[in-house]
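What follows is a set of notes on a single structure, which appears directly below.
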Amino acid sequence: MAELFTLPVLLGIAFSGIRLATPYLYAALGETFAQRSGVLNLGVDGIMLMGAFSAFFVALNTGSLWLGLAAAAVVGLLMGLLMALVSITFKAEQGISGIGLYMFGLGLSSLLFRTTVGTVKTISGFQPVKLPLLGDLPILGDIFFRHSLLVYGAFLAVPLAWFILERTTWGLKIRAVGQQPAAADSLGVNVTAVRYACTGLGGVLAGIAGASLSIALTNLFQENLTSGQGFIAVALVYFGGWRPLGVLGGALLFSFVNAFQLWMQVLVPEMEADIAVMLPYLLTIAALAVAVNRTRQPAALAKPFERGEA
Amino acid sequence: MTQPRPPVSQLSQSLRQRKRSAPPQWGDLAAALGLPALAVAAALLVGALVLLMLGANPLEAYAALIGGALGTSAGLIQSAVKATPLLLVALGIIIAFRANVINIGAEGQIIAGALAATWFALAFRAWPGPALVPATLLAGFAAGAAWGFVPGLLKARLGVNEILSTVMMNAIALQLMNLLLGGPMIDPAEVAAGTFIAQSERLPQHAWLPRLVPQTLLHAGAILAIVLAVGVYFFLWRTSAGYRLRAVGQSPEAARYAGIPVPAYQMLSLTLAGGFAGLAGVVEVLGVHHRLLEGITSGYGFSGIVAALFGKLHPLGAIPASFLFGSLLVGADKMQRAVQVPSALVGTLLGLVVLFVVGSDYVARRQAARRAAARAAEEGERG
Amino acid sequence: MPTLTTASSPAPGLTPAPASAIARRVAIQRVAMRGIVKRFPGVLANAGVDFDVNAGEVHALLGENGAGKSTLMRQLYGLYPPDAGEILIDGQPHTFHSPADAIRAGIGMIHQHFMLVPTLTVAENVALGLRSSREPQMDLKVVAARLNTLAEAYGLKVDPGAYIWQLAVGEQQRVEILKALYRGASLIILDEPTAVLTPQEVDGLFATLRRMAGEGHALIFISHKLHEVLAISQRVTVLRDGHVVGERAAGSVGRQELAQLMVGREVKALPAQAVQTGGVRLALEGVRAQGDRGTEGLRGVSLAIHAGEVLGLAGVSGNGQRELAECLAGLRRVSAGRVLLGGRDVTHASPRERLLAGQAYIPEERMRDGAIKNFSVLENLFLHDHAAPNYARWGVLNTNAMRARAAALVQRFNVKTPGLETPLKNLSGGNIQKLILARELSRQPRVLIAAQPTRGVDIGATEYIHQQLLAQRAAGTAILLISEDLDEILALSDRIAVIYEGAIMAVLPRGQATPAALGLLMAGVHGHEAG
Amino acid sequence: GGATATTSPSGPFRVAVVMPSATTDMAYSQSMFQAMKAVQAEMGGESALEFAWSEGMFNVPDAAAAMRDYATQGYDLVIAHGSQYGASVQEVAPDFPDTSFAWGTNVDTFGMPNVFAYTAAAEEGGYVNGVMAAMLTQSKIIGITGPVEVGDAKTYIDGFRNGVAATDPSITINATWTGSFSDVALMTEAANTHIAAGADILTGSSQSVVGSIGAAKDKGGVLWFGTQADQATLAPELVVASQVYDWVGVVKDMIAKHQAGTLGGEVFTLRLSNDGLKIAYGTGYSLPADVRSAAEAAIAGIKDGSIKPLP
Ligand SMILES: Nc1ncnc2c1ncn2[C@@H]1O[C@H](COP(=O)(O)OP(=O)(O)OP(=O)(O)O)[C@@H](O)[C@H]1O
Ligand SMILES: Nc1ncnc2c1ncn2[C@@H]1O[C@H](COP(=O)(O)OP(=O)(O)OP(=O)(O)O)[C@@H](O)[C@H]1O
Ligand SMILES: [Mg+2]
Ligand SMILES: [Mg+2]
């Protein structure tokens, strides 16, 4: 066990942890917007898959990673709007429409992959960029400032999301609509529009989350590339108490423990691999259980808004 | 309560309308039953375009889909085989839903049930079938229930949201199965042959669920599921515990004032939900595979949620809904074979169907409301 | 019907002009609603209603629960489109597609159920939906500043930084009014604004309303309390079943006549027959408990309520009434002291144990705590007794017995409902309250705790509920009546306790309890201090 | 009830394959899919060999239904290409006595006359790869990655460990298992971890190749050994060698046996000795001569039995 806490190991954990956290951050921040506005989108994983495929496909055929990223964002937006249409306009049971969206995204991304790409191919994705100055810091530089742009982007998105939610008039509308839509409506705020916007934004970020997998972290696409990361992302929104900083904490905890258990397998061979793999899930639950968790979910979460009721 | 009225249920709502004001509002009924069908049709229409793009003939494909599922006795039986675990999972989902708890954890609960059942049936293989089978069913139910109880407890005592905990519990169950099938529970024959396939020893014949139709996979679990569906209906609308559970789901505040221990009933709902999902795992082991193997859940933990919705979150509605959804899965496979398209198309279609159906539900509700308003207007004029 | 409007021909393009200018003019019509028809499933809520308001006047709208008042106003505020009829603003026909349109036309509405976001601050609630001076960033400082000046001008003191959930009901209402004023509303609709206020708060509100009217604001005032209507308004319009049944000048009409217009029959005063009281049924000994806002909500409350008496608990809202009620219901932890129910210590008993010990409870938040809106009338009648021996054996419900009892109760407490299977949400608040009353009283409770039993309930229903409470008293039940409506307290109580900042100021026999005396105590002034 | 198969000697020979994963999985299912294509080409295309497939049949009842369906349609040979299909084969085969069923990878024909079984001795190629790896590593540390340590992933690894140990006992072998067959991101980090822990050679079950190669590319100077399919295409410069499953021989044997009237009862095993297993050397990587000859020696030894790939 002791060797687990030597500097090189800790550096390795931090390096891998930061990479692993990236897709969770994008997706969970997006879901935070959706849920803050009152929409529970369980289909994040499906959107991520579509985003991952679109980014990979476009990058593969145009050679432009940025076009790929844009494609992921656009496709994510469309998927988000599809969810919005079903859950907001058609007032569907959100717990279920999300599952539908997931099935759809999982199926369609695989289908498109099969028919357009065919077999597993790799591309050269976003390369690590050493940040000037910061990148030269002795140890920290290697861990924190030699990642690809999409990784930096995920971490920059956190304060940005916080600012939008807490400091702007848009954020005010979002929080009001998720908490007390009737009140917002009575002041002329367009509840439907706000929810569409947030669900759409959630889709865009989920799409980018997928792209970060396919064109920055693994540089390939295969069927079910996300393997359920979208569901973890939704869980992390609850973990973070619907606050971007909380989401960051959750994503880092989960990812660092995941990186940690890999090292544990290497350095503590007698440890059963299957048990090590459980750690991130166990610890995430445990962390939330012990943390005094006072934050309440948005009062109108998953409740369609009907004018003149109650 | 003599006439149960799931709020979501357009069907029963229209029925109630009928009870109140003759003549019967056939329009509402038609809307309640017809629209989902319409939605499915619409989804398949979109699917037809995809098929065309894949260079397959949609007509041939859908002929195979419908024929394969409902056209042959084999197809019907196969649909029923799939409907069985779907129904069991759906029943659990419905109970949780009624207590306003979302259970995403069915996948893990199925695994828990299957693990326990396999272990129990092998450990007590000496027992005679009539004792072994029921005991194994109970063991699996208990294991699934335990897997649901943990999130329930976390929610009730520590306010840990069930979506988070059930998602995590799914992953934990999966790894637990990997662990056991990797060593402790692996089939000794696999070790002997040096093939190390991740599957348990085959259960002794007397531990299997009896076959309903010889030489098919249709087993007694199907009957069990239907009986349980009726039981759940009875529980929710004919027992005081069910009444309290629904009260907790509808208004925790009012329930508290009425002296109902809200956390306890949220916990109960998740525990029962887990138990039913666990049973789905058991019948898959005792009725279909006769052993534990990777991928035992076949995604029923999610598709069960869909079946529950198709049944309008009503235990009895879930019976036909599960069968229809099951036959959809069967027909889609047949279609894949018939026109040799990638199997991913199946998932795509199902996703579309779900989205269209959940969407159509609202349209149905609104149409009914409009009709009601029209009726009201007339009465208003008269009155 | 008579109308006081002299200048029904509108002054074109006259939107909020300088107060002085308008104040002097007579009756300039700001809004006219003509032949408004509105249908809901099963209900003709408005059947061709004509209604108008003039600048600088307070026009009261009266009517029983479900008469159509809120519906009419919701249309004026753009929440629902009328099925027929037209709305004229300053003589120009307008169609509102959403509140945004109404707000733009200078209309503001104080909703019956407050439209505030509890998790946001006062300033944020006010700023919601408005452009900021530094878009997209919020400018809460600017808002707070303007808010304070408005507050000064209209005597509506609130802390812009406070969260709504921290505010007492009265304060929340001030926020609602400020929201309207902040948006420069020149016509303000107040839907049952006094239902939740104490006498002092009502006086404060009226002062504000008069000031606003003085400046030429047009005000629409909805209330079930006739004396308030007569005190504040110049004109009164009465709705019954969606029809206008009369319009009167406030000066030239009496309570009786109005009551008769509303209910369609004579409304008699309460017969206050004396009942002799028995032993102590409910006793509180130095009860302390935490409040919602971190502070201590109850600071050593001691009370004793006897069989066959009504103990009225008067007080300004937010002085511990809710905490006390919740402690008695078993929903809030008692940190010190004891509660004795029929001599038995129930300080830490669960709600269920108290129910079984014969305590009944009418919660303040009736829609949230007292009933389940998606449950049927029948189901709502059995929130407590669904497991009682007569209605359940081995946990299996005896639905026939339940139907029988439900039918009987609906009949006896004349709850107006299409049927036993009707979802509760389709009943009017008044009828919902009757249903709760039916459920609680039919259990022959030994102790009854009634919190705001007639809030927002029309006089017909109020009269009925009061009769029922007195009948229960006569039957020997010990009743704790928690109400912010002094008239109600005075009308029903044998003794009156006044609560202030979580402590009992005094307990007076009805004889000595004058509104003046109570008012002082409610303000925290002790009898002797007053001299 | 079972329909009787109708094999028309004149028409094409009809084969159906039921596979758990996608025909493009770069591994297990793909190896069989390509073998079928090859056989079809060899035998003269559609006219000679008709070939239908069902992929993604991870759900066993679906697979069983598919087999029954193909048999009913009169296919001559139904290949259940997944060890989890054993029970289903046992159910279906008796109802279609004129149809041949093949089940792999396993070694059990249930004593049925119309059931073949086939498997791959993955440890053989594993051993050969191990020998080469032991000679090529400078850091004396080798990393193994994979989803779950079962099936031929396990037997391959066992052979590999044995080959390394036989060549240089001082070498450390680290193994990580990610528990998920599709979580490439985690597998990539697993590879990163091995590299950070000093490994300069990686190998592992097929699913982990893509992640590992991704990581290896980033670092550079790290080599990969593959199995099941030739993985050189993914990164020619990094892939030293792959053990390739070649089912062509097995499939052709089974077809021949069927036409000769033997519908089953035999077990086929892919081995280096019967060319069912091949070592495909990387196209883009120049393998030192001595290593190459050591590998060839190992192959020869395994073929003639002088080397036991498993201890
Ligand atoms: N959103 C709605 N849907 C259906 N019916 C409604 C709706 N709102 C009001 N109604 C019905 O219209 C009628 C008038 O309702 P309204 O709210 O105007 O009464 P009110 O005068 O405000 O009663 P109260 O004094 O209780 O506020 C009632 O019978 C009510 O049942
Ligand atoms: N969706 C609805 N369907 C049917 N009736 C409704 C609906 N919404 C409101 N109502 C009815 O409209 C009437 C007034 O609506 P409102 O929301 O003002 O209730 P309320 O004012 O709280 O009733 P009260 O003031 O008497 O307590 C009530 O009878 C209420 O039950
Ligand atoms: Mg009203
Ligand atoms: Mg009211």
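We name chains A, B, ... by the order of the sequence lines, and we start the count at 1 in each one.
Only the side chain of His290(B) comes within contact range of chain D, judged by heavy atoms closer than 4.5 Å. Only the side chain of Ala64(D) comes within contact range of chain B, with heavy atoms under 4.5 Å apart. In this structure, the portion of Thr119(D) lying under 4.5 Å from any heavy atom of chain B is its side chain and not its backbone. Interface remark: Glu91(D) contributes side-chain atoms only to the contact with chain B (heavy atom separation under 4.5 Å). For Asp152(D), the part lying under 4.5 angstrom from a heavy atom of chain B is the backbone only.
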Using the side chain to side chain contact (heavy atoms under 4.5 Å, CB included) rule, take Asp333(B) and Met57(D) through it: C-alpha gap first, then chi angles, then the decisive distance, then the call.
CA-CA 9 Å; Asp333(B) 282 338; Met57(D) 292 281 117; 3.7 Å; yes
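No other option in Ala52(D), Ala87(D), Pro94(D) has as many heavy-atom pairs under 4.5 Å with chain B as Ala52(D). Of all the listed residues (Gly182(B), Ala171(B), Ala198(B)), the one sharing the greatest number of non-hydrogen pairs under 4.5 Å with chain D is Ala198(B). Of the listed residues (Gly56(D), Ala66(D), Pro20(D)), the greatest number of heavy-atom pairs within a distance under 4.5 Å of chain B belongs to Ala66(D).
We find the CD-CZ distance between Gln78(B) and Arg68(D) to be 9.5 Å, quoted to the nearest 0.5 Å. One distance of note links CG of Asp62(D) with NZ of Lys82(B); it measures 3.5 Å at 0.5 Å rounding. We find the OG-CG distance between Ser83(D) and Leu293(B) to be 8.5 Å, quoted to the nearest 0.5 Å.
Residues Glu149(D) and Asn178(B) fail the side-chain proximity criterion, which asks for heavy atoms closer than 4.5 Å. When side chains are defined from C-beta on, Gln90(D) counts as touching Arg202(B), because their heavy atoms get closer than 4.5 Å. For the pair Thr105(D) and Ile197(B), the minimum side-chain heavy-atom distance is below 4.5 Å.
Listed for the Gln340(B) side chain is a donor-acceptor partner under 3.5 Å among the backbone atoms of Trp53(D).
Listed here is the closest heavy atom pair of Ser54(D) and Gln336(B): OG-OE1, 3.5 Å.
Defined by atom type and a distance below 3.5 Å, a donor-acceptor pair is present between the side-chain atoms of Asn106(D) and Glu190(B).
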